[in-house]
Amino acid sequence: ALVRSTLLRLCEDLCVGLDASDANILRQLGRTGGSHSAPAKPRPPRALSPAESHQSQVSHATSVPLSFESDGCQTDLDDEDPASEAERGATSKCRATSVPVAQANREGPRVEDVLIWELFVKGLKQVGGEQIEVVSSGIWDGSEGMLELVVHHAVGDVWDRLAAMVVATTTRGRIVLKGAQVVPEAVARAIEEANVRPSVPGPGSLRPSVQALCEVLQLKLPGRLKDFLENTEVSVLPSAAGWDGVDGMDDEAPEAGPSGDLARQMLAVEALKMQLGFIDAQICHLERRLLLAPCLEESLHSEIKSLRRTQFLVEGEREAAETAVQSALFEVADTTGQQVTQIGVRIRQGASQSLRGHSIGAAVALIRGALAQSGPWAHYAAFQFSTMLQREQELHQDFVCFYHSYSFASLLYEVHAEVARQIFDLPDSCPPLPRLSVPEGALTDLKSLQNIALLSQDHSAGFRALGLSTSCSIFASGSEAPPLSCFMSGYSCTDLSFHSLLVMFLKQYCQCAGKGSKSAKTIADELVEIAERHKLPTSAYGESGGAGKRKVRKSAALAATSELSGYMLQIFVRRDIVETFAYPSHAMGVPIPGGIADYTMVSGSKADGQARVLFHPPTFLDSSKVQMFHYCARPLQSCMSATVPESRGSLIKQLRRVLRPVLKRRGEICSSLQLGPAA
């Protein structure tokens, strides 16, 4: 059975086309029958740990998390024949594969190793004091790294200054004295002896090598430097323990600053790796079940196919996220200021709303051009855009696609989603929800939205209650918020107070009036504090309205990632109902004659421009009518593991702690929501 599983996976990975005879032989390998002994009873899959539940979309077929937040993608992949699937796996995977130029001709360093190097050098610079001077740190390139030091001794000793280099390789670390200096024979001999001692390989050899250098030179180290060198536990990733985000505690995220932020982003990558291990175990488990239950072969093959699709999406995100973190580390460590990265985007052929009027080459060029100035995180954004296009192709036949870019509204949308989870028992993977209730005075039909847009445009309270501004294509340039331009930083209106909107929402659905109850404002302030800790943009949550009214605690980590405040909702509305819930528009929501289906797929040479969507909650919460996917500019905001600091999973957990005790009963909330039918 293991041979069969390995051969099948190898054929798929190498894109080996099997004829019917070969495929049948492989399928028969390991099957019971004749004199063969029955295979051992397969071990059931282990329970999913919190870190393994990192990703957020749930597959209806297998209940295995996919890459992004949604209610599930109900595409029928079973209609594809094995040959076409193998070909797609080889040549048409929508994956952003990108590496720094410095690594173009070899396998680059592991992110964990670069983190070990960069964090040790940074620490040594801070605690070295007057005795150990870091002259040049270089970088760990995957095979070698060099750290140049000057060691100072007390005046009057045999020597008072030595220049040395610590060279770390994949096999060991060693100390090299620089030339053109007078070195006492005893010192040279002691260093030679230190170099023959057992040594650990890679960047981990920096610490023991520097410690050995100090020992052979008989340096009297101050307490802080001595503790730093004797601490043999190299903690690259900050522990989530102790950072639980409980209100009332001084719980800033561990290790602020660029390195700390990159370490937390790396935690999201580690969670992806764990999830991939879980998915692989599930696939192996199902392949073994095939041996015991031939009658279930069709359904098990379907599950395995869905799992492999999941595996492909998660692996693509892991690769993109790891490359982004790796490139960011190269940028931090690069002393030349000449670090250059190249973004690769792969898009498969296929019908797609956004690709209408664009060749594959032109689409790739547009994505690369839009991300050219986005730095290391362009790698992750490129993967996100590739995934958006892939989902468009999968759902194109039955759905019309819309893109909603936002930033300041992220906290409000997350609060809506959390209340919806409590009411409708939705999973944590439920995407952020732009609207949840149908308030009094809201315009509940498309015609009313169009009429008021002609008079007062789309900024009136009645329009904003359910109206949503969207783009009709990833490449829309005639939109107020072009997805390619707005993805990294988001798009928001600044003529309203999001704090007031949050307070109004909480007054309706929380117990804020009884004796001893928290006020809606107090609850709102607690939620904003949580959002700040998770690096959500909160400057528009000032009580007097408008952006920049609220004083936000700006940590170094927040400043380092403040430009990555963009979020995107990809909304698919079924074609047979889309004309009831969307219309094409000019700026400010002014209607364009004609229907949205013709506007996106017939009119003009491509799907450009924008649309207004009537976000009617009962309809948009029905996954048979609407599919929604959530995308973020940085890996942490896609990570659903509650144990990873500053992740979306952690954010949801802490919002729930505040909201669950104060929410009204389910029946009262449902009555207040006024979830009536759309007119």
Side-chain angles (χ1 to χ4, degrees), residues 109 112-141 143-238 254-260 263 329 332-335:
E112 296 94 328
D113 290 341
V114 179
L115 275 170
I116 290 174
W117 181 280
E118 194 265 334
L119 293 178
F120 175 79
V121 170
K122 180 181 178 182
L124 187 59
K125 287 179 179 179
Q126 292 176 345
V127 302
E130 297 180 354
Q131 287 187 287
I132 300 180
E133 176 188 351
V134 177
V135 178
S136 174
S137 60
I139 59 173
W140 172 255
D141 65 1
S143 59
E144 186 180 65
M146 290 181 285
L147 175 64
E148 184 178 352
L149 305 172
V150 172
V151 182
H152 300 274
H153 211 307
V155 177
D157 286 325
V158 178
W159 58 274
D160 59 359
R161 184 182 185 276
L162 278 179
M165 296 186 70
V166 177
V167 181
T169 66
T170 54
T171 56
R172 63 170 294 116
R174 57 191 175 89
I175 305 166
V176 179
L177 291 174
K178 298 196 69 175
Q181 61 178 335
V182 178
V183 180
E185 183 179 349
V187 171
R189 188 163 50 252
I191 290 178
E192 288 178 5
E193 293 176 358
N195 281 332
V196 298
R197 296 179 186 175
S199 173
V200 296
S205 63
L206 278 182
R207 188 184 302 268
S209 295
V210 174
Q211 188 177 18
L213 178 63
C214 295
E215 288 177 358
V216 299
L217 296 178
Q218 299 181 356
L219 296 180
K220 295 180 180 180
L221 302 177
R224 191 180 177 196
L225 178 56
K226 183 179 180 182
D227 292 342
F228 174 76
L229 293 176
E230 290 179 352
N231 179 17
T232 57
E233 296 182 2
V234 181
S235 178
V236 179
L237 303 176
E255 194 174 351
S259 296
L329 286 167
V332 170
D334 182 36
T335 59

Tell me which donor-acceptor pairs under 3.5 Å the side chains of residues 164-176 have, and how far apart each pair is, sequence neighbours excluded?
residue	atom	partner	partner atom	Å
T169	OG1	T171	N	3.3
T169	OG1	T171	OG1	3.1
T169	OG1	R172	N	3.3
T169	OG1	R172	O	2.9
R172	NH1	R197	O	3.3
R172	NH2	N195	O	2.5
R172	NH2	R197	O	3.0

Once you round to the nearest 0.5 Å, how far does [atom1] of [X] lie from [atom2] of [Y]?
X: C214; Y: I132; atom1: SG; atom2: CD1; result: 3.5 Å
X: L213; Y: L177; atom1: CG; atom2: CG; result: 8.0 Å
X: R161; Y: H152; atom1: CZ; atom2: NE2; result: 6.0 Å

For [X], side-chain hydrogen bond (donor to acceptor under 3.5 Å, both in side chains) partners two or more places apart:
X: E148; value: K178
X: E193; value: none
X: E185; value: R189

Next on the checklist: The criterion is side-chain contact (heavy atoms from CB on, under 4.5 Å); which residues satisfy it with P201, sequence neighbours excluded?
Outcome noted: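 None.
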
Next on the checklist: Please enumerate all residues that pass side-chain contact (heavy atoms from CB on, under 4.5 Å) together with E192, with sequence neighbours excluded.
Outcome noted: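 Here no residue qualifies.
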
Checklist entry - Of L229, V151, L225, which meets side chain to side chain contact (heavy atoms under 4.5 Å, CB included) against V210? => result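 Among the candidates, only L229 passes.
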
Item to check | Side-chain heavy atoms of L124 within contact of L149, under 4.5 Å | outcome: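 Yes. Closest side-chain heavy atoms under 4.5 Å.
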
